[in-house]
Every structure is written in structure tokens, then in C-alpha cells.
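Below you'll find the structure, written out as C-alpha cells, and then a few comments.
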Amino acid sequence: MPVHLLAFDGLDAPLQVSDPQIVRPLLDPVMAAWPFKEISAAQPQSRPPFATIGPIDDQSWRLLAPLAASPVAHHDPVDAICDLVVEMSWERLRSRPDLLCLHAAAIGFGDHLVIFPNARRAGKSLLTATLAKLGHAVFSDDFVPVAVEAGTIYGLANGIAPRLRLPLPPNLPIELSNWIAAGIDPANKRYGYLTGIDLPLSGTKAPIGAVVLLDREEGRTASALLEPVSDDDAIAALVIQNFGRQVHAGAILSVIAAIATSVPVYRLVYDDVADAAALLHDSPHLARLSAATLSSDDHPSTDRPAPLPDALDDQTAAFDPGLRYGRVPGFVEVQTQAALYLADAQGRSIHRFNAVSGVIWMLLQDPMRPDDLADAMQEVFADVPRARLQEDVLQAMTFLWQQNLIVEAPK
């Protein structure tokens with residue numbers, strides 16, 4: 001069986017394809033805007049193939065991806081390509097460790113991108129297809145690599161056709177349903193890829209200009225509504241949808257906060273996808289966008305994403321409530337009206353603190369014992385019983401200790 005190696009632009013490792021005469025007719029339309037070239041298997045490679053895809057028999061294909069959660073998977077051909085697309089997104093991040101990545105769609109509105117963070121059953125891919133019919137460029141329908149260059153925050157095109165869940169909803173306008181159905185290829189009973197649309201080449205960049213959170217209300221009879229949302233809602237949605245875990249959490253939080261505060265963020269409440277797409281297409285709010293920017297003055301810890309250190313320290317010692325503790329330096333924090341977001345100095349995680357936890361963190365500017373902290377908290381929360389405050393403080397400080405956010409203060 002012949003084996004070919006395909007080197008995709010932007011990926012350090014090649015894709016290995018067994019029996020390309022069978023695989024390529026299905027793979028090529030999906031990757032229509034992601035340039036690649038065939039390379040010789042005899043040619044020395046800096047890295048082995050990140051995945052191997054090919055048929056087992058007439059009905060199923062095998063995907064081998066050594067770094068995936070499931071290194072070996074057997075699927076029908078379209079499902080195998082679906083899994084390959086996921087693995088290619090991870091390989092892009094392995095090849096470009098400076099990139100953040102968001103679970104989101106990214107659609108061109110003029111020279112800027114509108115980001116639609118992923119939300120379960122919100123109709124993101126169908127909305128993407130409907131906007132494509134209206135002439136909008138589809139940079140991504142699922143994962144958006146994000147780069148920071150000279151203070152501007154860009155989204156990068158994937159060059160992959162959007163994937164739609166099948167069958168299509170029966171209540172779609174007939175013209176839209178027929179247009180989508182005519183462009184679906186390849187497909188199986190569950191999924192189909194929409195080809196023949198404006199799909200910029202992989203790696204094409206455009207500045208992020210707005211974020212739209214999707215709120216689909218099934219059975220809604222009112223027209224679609226586009227309303228502004230708070231910084232906190234925007235940051236919360238983007239933090240949840242980040243999966244660039246090779247990037248320092250402080251950099252992720254800084255970039256997400258910059259997006260949420262430097263460009264408009266809206267919530268789209270809708271049920272009828274054609275009505276929603278028309279509202280977005282005609283909205284004056286999305287017609288004159290400015291680029292999301294990251295100011296090094298506002299975020300002195302980083303002005304662009306940075307890879308995590310090779311090793312992370314784990315907290316193994318038990319928390320001792322009799323000792324004084326202070327903050328671990330090097331953290332990144334973002335304060336909104338509703339919450340405090342904090343990234344630890346090691347870059348491992350992002351935490352959202354409520355009002356009580358935020359007060360505890362503020363008081364720990366100076367090292368304190370849990371009992372002393374409870375005394376200080378009593379002045380702020382005079383109506384809360386002392387025993388309850390002690391319990392809450394001990395629980396909060398234990399968590400901060402386990403997460404490497406506080407450290408024992410010098411004696």
C-alpha cells in the first residue's frame with residue numbers, strides 16, 4: 001500500500017497518508033485552503049509524522065496519533081477526518097507555542113474578525129454557514145489560533161471547511177437549506193463539511209474586532225437581539241473557551257482581558273438562524289470595527305504569549321494554619337466589577353475569585369496567619385459569625401496554598 005507524507009504550512013511534523021488514492025478525495029476538500037506539499041518518505045524529517053490516516057477496509061479508516069488522548073482510533077472515513085482536524089489543531093500549537101487558541105468561530109466582517117465563542121448547542125456552525133452564504137469569510141468554525149504582534153491581537157485562518165451537524169434542522173428557510181446541502185461534501189449521517197465558500201488561506205491573519213456570545217433560545221418568537229454584555233461575562237466566556245495550554249496562564253489572561261476591554265462584546269439572543277445572521281450582517285455595530293490591542297503598560301507581565309517552563313513545581317507540603325503566608329510574586333490579576341481573575345506565577349491556571357475570595361487575596365498583600373486574616377475579615381463582614389469566617393478563611397488559604405498562589409512568609 002503506498003504511503004505519502006504531506007507537509008502542511010505552519011506544521012513542524014508531516015501527516016502520513018496511507019493509500020492516498022482513497023484518502024485524498026475526501027481529505028483535500030476539507031483542507032481546501034490549507035496549503036501542503038508532498039514530501040518524500042526517504043527525505044530526513046526533523047520530526048516523525050504527528051498522525052497517520054488511511055483505510056482499513058471499504059467501511060472504516062484508522063487514525064494513528066501518538067500524542068492524542070486516544071492514540072489509535074477506528075472510524076468511518078468522515079469521522080476519521082473529524083478527529084484528524086482536532087489533532088491538526090494541536091499540532092499547530094505544538095509548532096507555534098506562542099499562539100493562544102480559542103474554541104470559537106471567527107468570521108470576517110470587513111477587515112476585522114468577529115469571534116463567536118463555543119457554546120454547546122448554540123448553533124455556532126450553522127450560523128457560520130449562514131454568514132458564509134451572505135458573503136462573509138470563514139476563518140474558522142471551531143478553533144481560532146490567536147497571535148499578538150506589536151500590540152495588536154490577531155486571529156488566524158485555519159483553512160479548513162466548516163463542519164455541520166446532520167441532518168440539517170427542518171425549519172431552515174428552503175433557499176438556505178438547499179444552498180448548504182449543495183455545498184456539503186464529504187459527509188456521513190452525522191456530519192458534513194461545507195465547501196465552496198470564502199475560506200482564506202491557512203495562516204491568513206486579521207485583527208479581532210468584536211466578540212459575540214451566542215444565546216440560543218429554542219422556541220423564541222421575537223426577532224434576534226444583539227445586546228452589549230459586561231467585561232466579566234466576556235472574560236468568563238473566553239477563559240472557558242481557551243485551550244492554548246502551552247502558553248503561560250498570565251499571558252492568556254492578559255490577552256483575553258485585552259480583547260474583552262478593547263473591542264465591543266455582545267450577546268446574540270436568537271432562535272431563527274437566518275434572522276440572526278441577517279441582524280449581524282446588517283448591524284452598524286459590526287460595520288466599523290477597530291482592532292483589539294494589548295498594552296504593555298496595562299499588562300506589564302507580557303506583551304505577547306510565552307511558552308510555559310519545561311517543569312512546574314507541585315505543592316507537596318501540608319498547609320500549616322499556624323504560619324504566616326503571603327502572595328507568590330509574578331501573578332497576573334484582572335479585576336472586573338463582578339470578580340477577580342488571577343493567573344498563578346507558574347502559568348498553570350486561571351482562577352475566578354468571588355467577592356469574599358477577592359477580599360482575602362487583597363488582604364494577603366501583607367503576610368498574615370489565618371487567624372489574623374479572619375480578624376481583618378470580621379471588620380469587613382461584621383454580620384458573619386466568627387466561626388464561619390475562620391472556616392472560610394482556612395478553606396480559601398488552603399486552596400491558595402495548593403495552587404501555589406501563596407507561600408510561607410520569612411520568619
Side-chain angles (χ1 to χ4, degrees), residues 230-257 260 298-302 306-411:
S230 67
D231 293 352
D232 185 66
D233 285 345
I235 293 173
L238 293 172
V239 165
I240 291 171
Q241 299 308 333
N242 159 72
F243 71 100
R245 296 185 179 89
Q246 83 292 347
V247 176
H248 194 285
I252 293 170
L253 181 58
S254 295
V255 173
I256 285 174
D298 294 337
H299 303 281
S301 65
T302 179
L308 288 173
D310 292 335
L312 294 174
D313 297 330
D314 290 320
Q315 186 60 270
T316 57
F319 178 75
D320 185 343
L323 299 178
R324 294 166 62 248
Y325 294 90
R327 299 172 175 181
V328 173
F331 59 85
V332 175
E333 66 179 22
V334 171
Q335 180 74 59
T336 69
Q337 291 184 336
L340 171 69
Y341 292 86
L342 189 71
D344 64 271
Q346 290 183 312
R348 181 155 40 185
S349 55
I350 297 173
H351 306 279
R352 184 181 186 273
F353 291 173
N354 59 21
V356 174
S357 298
V359 170
I360 292 174
W361 179 254
M362 179 190 70
L363 291 172
L364 285 171
Q365 287 180 337
D366 298 316
M368 304 179 72
R369 288 187 295 269
D371 282 348
D372 298 331
L373 186 54
D375 289 339
M377 293 282 289
Q378 190 77 70
E379 297 179 11
V380 180
F381 301 97
D383 297 336
V384 180
R386 167 72 184 199
R388 170 69 181 277
L389 277 176
Q390 284 182 309
E391 180 182 346
D392 289 348
V393 166
L394 186 60
Q395 183 178 5
M397 291 188 70
T398 300
F399 173 80
L400 294 173
W401 170 258
Q402 293 170 342
Q403 298 299 314
N404 287 288
L405 291 169
I406 59 175
V407 65
E408 180 184 345
K411 297 179 180 178

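- For Gly250 against Val332, the heavy-atom pair with the smallest separation is CA-CG2, 3.8 Å.
- Considering CG of Leu389 and CG of Asp383, their distance stands at 10.5 Å, rounded to 0.5 Å.
- A heavy-atom distance below 4.5 Å is not found between the side chains of Ile360 and Phe353.
- Counting only distance, with no hydrogens or angles, the side chain of Tyr325 and the backbone of Leu364 share no donor-acceptor pair below 3.5 Å.
- Closest heavy-atom contact between Arg348 and Gln346: NH2-OE1, 3.0 Å.
- Smallest separation of non-hydrogen atoms from Ile235 and Ala260: CG1-CB, 3.6 Å.
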Verdict with supporting geometry, Asp232 and Arg352, salt bridge (charged side-chain N to carboxylate O under 4.0 Å, His left out): CA-CA 10 Å; Asp232 185 66; Arg352 184 181 186 273; 2.9 Å; yes
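- Nearest heavy-atom pair, Pro367 versus Arg324, reported as atom, atom and distance to 0.1 Å: CB-NH2, 3.5 Å.
- Of all heavy-atom pairs between Glu408 and Trp401, the closest is N-CZ3, 3.9 Å.
- Looking at Ile252, Leu253, Asp344 one by one, the single match for side chain to side chain contact (heavy atoms under 4.5 Å, CB included) with Ser349 turns out to be Asp344.
- Here CZ of Phe399 is found 7.0 Å from CG of Leu405. Values are rounded to the nearest 0.5 Å.
- Here the closest heavy-atom approach between residue Ala345 and residue Val328 is recorded as CB-CG1, 4.2 Å.
- Expressed to the nearest 0.5 Å, how far CG of Asp320 lies from CE of Met397 amounts to 10.5 Å.
- A distance of 10.5 Å separates CG of Leu323 from CD1 of Ile406, quoted to the nearest 0.5 Å.
- In the displayed structure, Arg386 atom CZ is contacted under 6.0 Å by more than 12 heavy atoms of other residues, nucleotides or ligands.
- Proximity of a side-chain donor or acceptor of His351 to a complementary backbone N or O of Leu340 within less than 3.5 Å is not detected.
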Test side chain to side chain contact (heavy atoms under 4.5 Å, CB included) applied to Trp361 and Glu333, step by step: CA-CA 11 Å; Trp361 179 254; Glu333 66 179 22; 3.0 Å; yes
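- Note that CE of Met377 is 10.0 Å distant from CE of Met368, once rounded to the nearest 0.5 Å.
- Atom-to-atom distance recorded for Leu394:CG and Leu373:CG is 10.5 Å, nearest 0.5 angstrom.
- A distance-only check finds a donor-acceptor pair linking the side chain of Gln378 to the backbone of Val384 [under 3.5 Å].
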